[in-house]
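In what follows, residues are counted from 1 in the order of the sequence shown. What you are looking at is a predicted structure, and each value in this text was computed from that prediction instead of being measured.
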Amino acid sequence: MPRIAQYLILLLLLGALSVLFYQDIISLFPCYNHAWTQSDKLALAYGFLDNNFNLFKPQTFNLITKEGVGVTGVDLALHEYLAAILMKLLGTKNPMVFRLYSLLVSWIGYLYLFRLSKLITRSYSKSLMVVGFTFLMPILAYYQAGFLPSTTALSTAFISLFYYLSFRKNKQYKHFYLALFFMLLSALVRTTFSIFLLGLFLEQLYFWIKEKSFKPKELSAFVLAFMLIILSNIYKIYLNKTYGTIFLNELMPPLNISDAKELTGMIWSKWHLELMTHYHYFLLGISLIGIAIYGLNRELQTKQQNILLRIAIWFLLAGAAFFILMMRQFIHHEYYYIDSFHLGIILLFLAGISGLTERIKVVRVLLPIMGLALLIGAGIDSKKIQEFKNNLTLGGTGETTIFNYTGADVYLDSIGISRDDIVLAIDGYSPNEPLLLMDRKGYSTTTTRKEKIEKFYDYDIDYVVQQNTYFLEVLADVPSLISRLLRIDGNKKLSVFKFQPPNKKQKVWQLLTDKEPALESIIDFESGDPTEGWFNTMETTSDIIYAGDYSGILTEEYGPTFMWEDLYLDFKHIVFEGFFYGKDTEEKVKLGIVYYFEDQEVAQESYPIKPMENKWTRQFYHVQLPKGKEVDKVKIFLWNPEQKVIYFDDIVLTLF
């Protein structure tokens, strides 16, 4: 078959697989698995658009790094840089540009993997099998049209290996230098790939010793490559110290041998079918038979096969070393397999397939048929894994955050918030995800720890944007926000605030709506009878008080109760808030709500009130009238089934 026809068929195969796997996700914002890390990489590309393409000052939209400019220490962000150039040329920041760029680089890598396979096997069908085997690996299939540099680094590693094996065959030094250049490129954009450059060096060292043919210029080239990697990492350390980083930059080995055994079992159980499908393992097993065949028969061995097998072993050993050094992260990051084991496994498969000599008729006839059948099975399983991983029904906080912030850029424009304003997204899941979707720089917290949030009171922040989904949880963790936020606007998904000086008179409901409530009722135990609708409220004490001269005390089973009949008020929401005090942490008090229609109970709810031991705590509850049910009476009450002693003060009930 003419060479041009071979490559056209390969391109058609890659195109068909790409359409099958990516037609539904190619334009999506980073989402699903590791949306956090992927959105950070997209943020680097957007950062280059904003900093006049300064490759040596990589920055994201999160300004938490030093000097508030968003510069961050990171591996050479070359692919993010090139994706940004494409965005500039095309006049769009659509994530599809980045995805297509990554997929194109993967295609180029597969073309060179095909060439490498042809160089080793001299077989067109085997070479197609190697490309199919690699493309359909579930982890690669998921990430190679995404934003992580692992897959693009793998592609340039394929290019490097083709040129290195070509050099070992024809001794042309331009191929040697190209091999080192592309593996160096892989290592610069993904430091982990330095282990594969080391693997090539070990193979070359083995050759020098075995052949007694040491070449200083070859050693010099390796030394230069390693020096450039060291210099790149020194510069990254400089960026880390000068500006800080939002990326992981420390080793995380197991704590001990017992920990290593436990982690290894957990990692295998969690990821082994995303590393490869059952069909991949079967194909790899067949390839190991090929290694055994030519290992036992010297007449079948070729120099190229032996070199490739040694390189595969070097790479697998290097991957195992990386696995040990980062074992506590492998449980969370399946794409680390791309950085460690995948390249060695692919080369091992290629070496084994090459050993299944076509001189044997059974191999010549059955291998293509069996390979095709197994790869079809692998494709079906891999596609199912992609559908599972790309599934919003998983309901993670990352997907919820994407849903809530999608369209936020246009919404903020509509209420007059400039693209230059600095925003804070509290509990924004990842450092960059909400900021990218708002198209505004600022800060995004990944925690609701009180000390982490309250430090932003002193920052130069124009607006605070909060997801309604998690707002009450945030207020529960950081009660001081109730007095520090001033509501500006909101829609069904987001609320917008400004920081203000502490306003202790502000109520929780004022942060939830900018409309006047249908009813606001306050019991402070100081000002006489409460608003209409309350009863059982007047047992008071002056022993333990929150404010004023008196507080409420609850010793019976039922405490203050609000009953509202004939619901002529137009409201859908109920907010109950107040201050509570208990003498031990085992006291179990609940806020009860019962809904009636025509004197028949139609629904009930209860929420635990957990007063801190010997400490006043502010607690609040936001509920909506039950959907799909007619309601004409509501009863809200404190329920103390164990009849413990509970103190409470400044109760506020709001209907809106």
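Partners of Tyr279 under the ring-ring contact (aromatic ring centres under 6.0 Å, His included) rule, at least two apart in sequence or in another chain, do not exist in this structure. In this view, Arg190 and Asp339 satisfy the salt bridge (charged side-chain N to carboxylate O under 4.0 Å, His left out) rule, not counting sequence neighbours. Residues passing the salt bridge (charged side-chain N to carboxylate O under 4.0 Å, His left out) test with Lys118, sequence neighbours excluded: none. For Leu86, the side chain to side chain contact (heavy atoms under 4.5 Å, CB included) partners at least two apart in sequence or on another chain are Val97, Tyr101. Taking Leu49 as the reference, Tyr46, Phe53, Ala84, Met87, Lys88, Lys93 meet the side chain to side chain contact (heavy atoms under 4.5 Å, CB included) condition, with sequence neighbours excluded. For Tyr405, there are no ring-ring contact (aromatic ring centres under 6.0 Å, His included) partners, not counting sequence neighbours. Partners of Thr121 under the side chain to side chain contact (heavy atoms under 4.5 Å, CB included) rule, at least two apart in sequence or in another chain, are Ser123, Lys126, Ser127, Leu350, Ser354. Listed by chain and residue number, nothing satisfies the ring-ring contact (aromatic ring centres under 6.0 Å, His included) test with Tyr142 (two or more places apart in sequence, or in another chain). In this structure, Arg115 has no salt bridge (charged side-chain N to carboxylate O under 4.0 Å, His left out) partners at least two apart in sequence or on a different chain. Applying the side chain to side chain contact (heavy atoms under 4.5 Å, CB included) rule to Ala16 yields no partners; only residues at least two apart in sequence or on another chain are considered. Under the ring-ring contact (aromatic ring centres under 6.0 Å, His included) criterion, Phe349 pairs with Phe133, sequence neighbours left out.
Looking at every heavy atom in both residues, Ser150 comes nearest to Ile338 through O-CG2, 3.7 Å. Between Leu10 and Leu111, the shortest heavy-atom contact is CD2-CD2, 3.4 Å. The nearest pair of heavy atoms linking Pro30 to Ile402 is O-CD1, 3.1 Å. Considering every non-hydrogen atom in both Leu55 and Phe48, the closest pair reads CA-CE2, 3.7 Å. In terms of heavy-atom proximity, Glu433 sits nearest to Ala35 at OE2-CB, 3.4 Å. Scanning both residues, Ala312 and Leu348, for their nearest heavy atoms gives CB-N, 3.8 Å.
The backbone N or O of Gly379 sits nowhere less than 3.5 Å from a side-chain atom of Ser382 that would complete a donor-acceptor pair. With Tyr281 contributing its side chain and His272 its backbone, the two residues share a donor-acceptor pair below 3.5 Å. Side chain of Tyr429 to backbone of Pro434: no donor-acceptor contact under 3.5 angstrom is found. For the pair Tyr336 (side chain) and Ile331 (backbone), a donor-acceptor distance under 3.5 Å is absent. With hydrogens and angles ignored, the 3.5 Å screen pairs no side-chain donor or acceptor of Ser27 with any backbone N or O of Met96. For Arg328 (side chain) and Pro254 (main-chain N/O), no donor-acceptor pair under 3.5 Å exists by modelled atom type. Side-chain atoms of Asp381 do not come within 3.5 Å of backbone N or O of His278 as any donor-acceptor pair. Looking only at distances, a side-chain donor or acceptor of Trp271 sits under 3.5 Å from a matching main-chain atom of Phe330. A side-chain donor-acceptor contact under 3.5 Å links Thr245 to the backbone of Gly73.
Annotation: Lys212, atom NZ; neighbour count of heavy atoms from other residues, nucleotides and ligands within 6.0 Å does not exceed 12. Under a cut-off of 6.0 angstrom, the local environment of CZ in Phe282 is sparse, with at most 12 non-hydrogen atoms contributed by other residues, nucleotides or ligands. Residue Phe403 places its CZ atom among 12 or fewer non-hydrogen atoms of other residues, nucleotides or ligands, all under 6.0 Å distant.
Ring-plane geometry between Phe341 and Phe323 is classed as tilted, the angle between the planes lying from 30 to 60 degrees on a 0 to 90 degree scale.
Side-chain contact between Leu136 and His280 is present, with heavy atoms from C-beta onward closer than 4.5 Å. Between Ser102 and His79, every side-chain heavy-atom pair lies at or beyond the 4.5 Å cut-off. Using a 4.5 Å heavy-atom cutoff, the side chains of Gln305 and Ile291 are not in contact. Within the 4.5 Å cutoff, the side chain of Pro138 has heavy atoms near those of the Thr277 side chain. In this structure, Leu103 and Arg99 have side chains that are not in contact, with every pair of non-hydrogen atoms separated by 4.5 Å or more. Thr152 places none of its side-chain heavy atoms less than 4.5 Å from the side chain of Gln144. Residues Ser18 and Trp107 are in side-chain contact: their nearest non-hydrogen atoms beyond the backbone lie under 4.5 Å apart. Two residues are said to be in side-chain contact when any heavy atoms from C-beta on lie closer than 4.5 Å; Phe147 and Pro95 meet this criterion.
When each of Ile159, Leu197, Thr156 is paired with Ser186, the side chain to side chain contact (heavy atoms under 4.5 Å, CB included) condition holds for Thr156 and for no other. The side chain to side chain contact (heavy atoms under 4.5 Å, CB included) with Ser166 is formed by just one residue from the set Leu178, Leu161, Leu116, Leu119; it is Leu119. Here the rule is ring-ring contact (aromatic ring centres under 6.0 Å, His included) with Tyr7, and of Phe114, Tyr124, Tyr110 only Phe114 fits it.
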Does His175 form a ring pair (Phe, Tyr, Trp, His ring centres under 6.0 Å) with Tyr163? I'd like the steps, not just the answer. CA-CA 5 Å; His175 289 168; Tyr163 283 118; 5.5 Å; yes
Assess the residue pair Thr191 and Asp75 against the criterion (side chain to side chain donor-acceptor pair (under 3.5 Å)); give the C-alpha distance rounded to whole Å, side-chain angles, the decisive distance to 0.1 Å, and a yes or no. CA-CA 7 Å; Thr191 298; Asp75 291 337; 2.6 Å; yes
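The CD1 atom of Ile353 sits 10.0 Å away from the OG atom of Ser117 when rounded to the nearest 0.5 Å. Note that the CZ atom of Phe182 and the CZ atom of Phe158 stand 14.0 Å from one another [nearest 0.5 Å]. Here the straight-line distance linking atom CG of Asn233 with atom CG of Leu76 works out to 10.5 Å at 0.5 Å rounding. The distance from atom CG of Leu317 to atom CZ of Phe322, rounded to the nearest 0.5 Å, is 15.5 Å. Note that the CZ atom of Phe388 and the NZ atom of Lys384 stand 13.5 Å from one another [nearest 0.5 Å]. Taking CG from Leu325 and CG from Leu251, the interatomic distance works out to 5.5 Å, rounded to the nearest 0.5 Å.
Checked against the 6.0 Å centroid threshold, Phe162 and Tyr112 count as a close aromatic pair.
Taking the ring centre of Phe207 as origin, the terminal cationic atom of Arg168 falls inside the region bounded by 6.0 Å and 45° from the ring axis.
Within the structure, every pair that satisfies the side chain to side chain donor-acceptor pair (under 3.5 Å) test and touches residues 213-228, not counting sequence neighbours, is listed here: Tyr173-Glu218, Gln204-Glu218, Trp208-Glu218, Ser213-Lys215.
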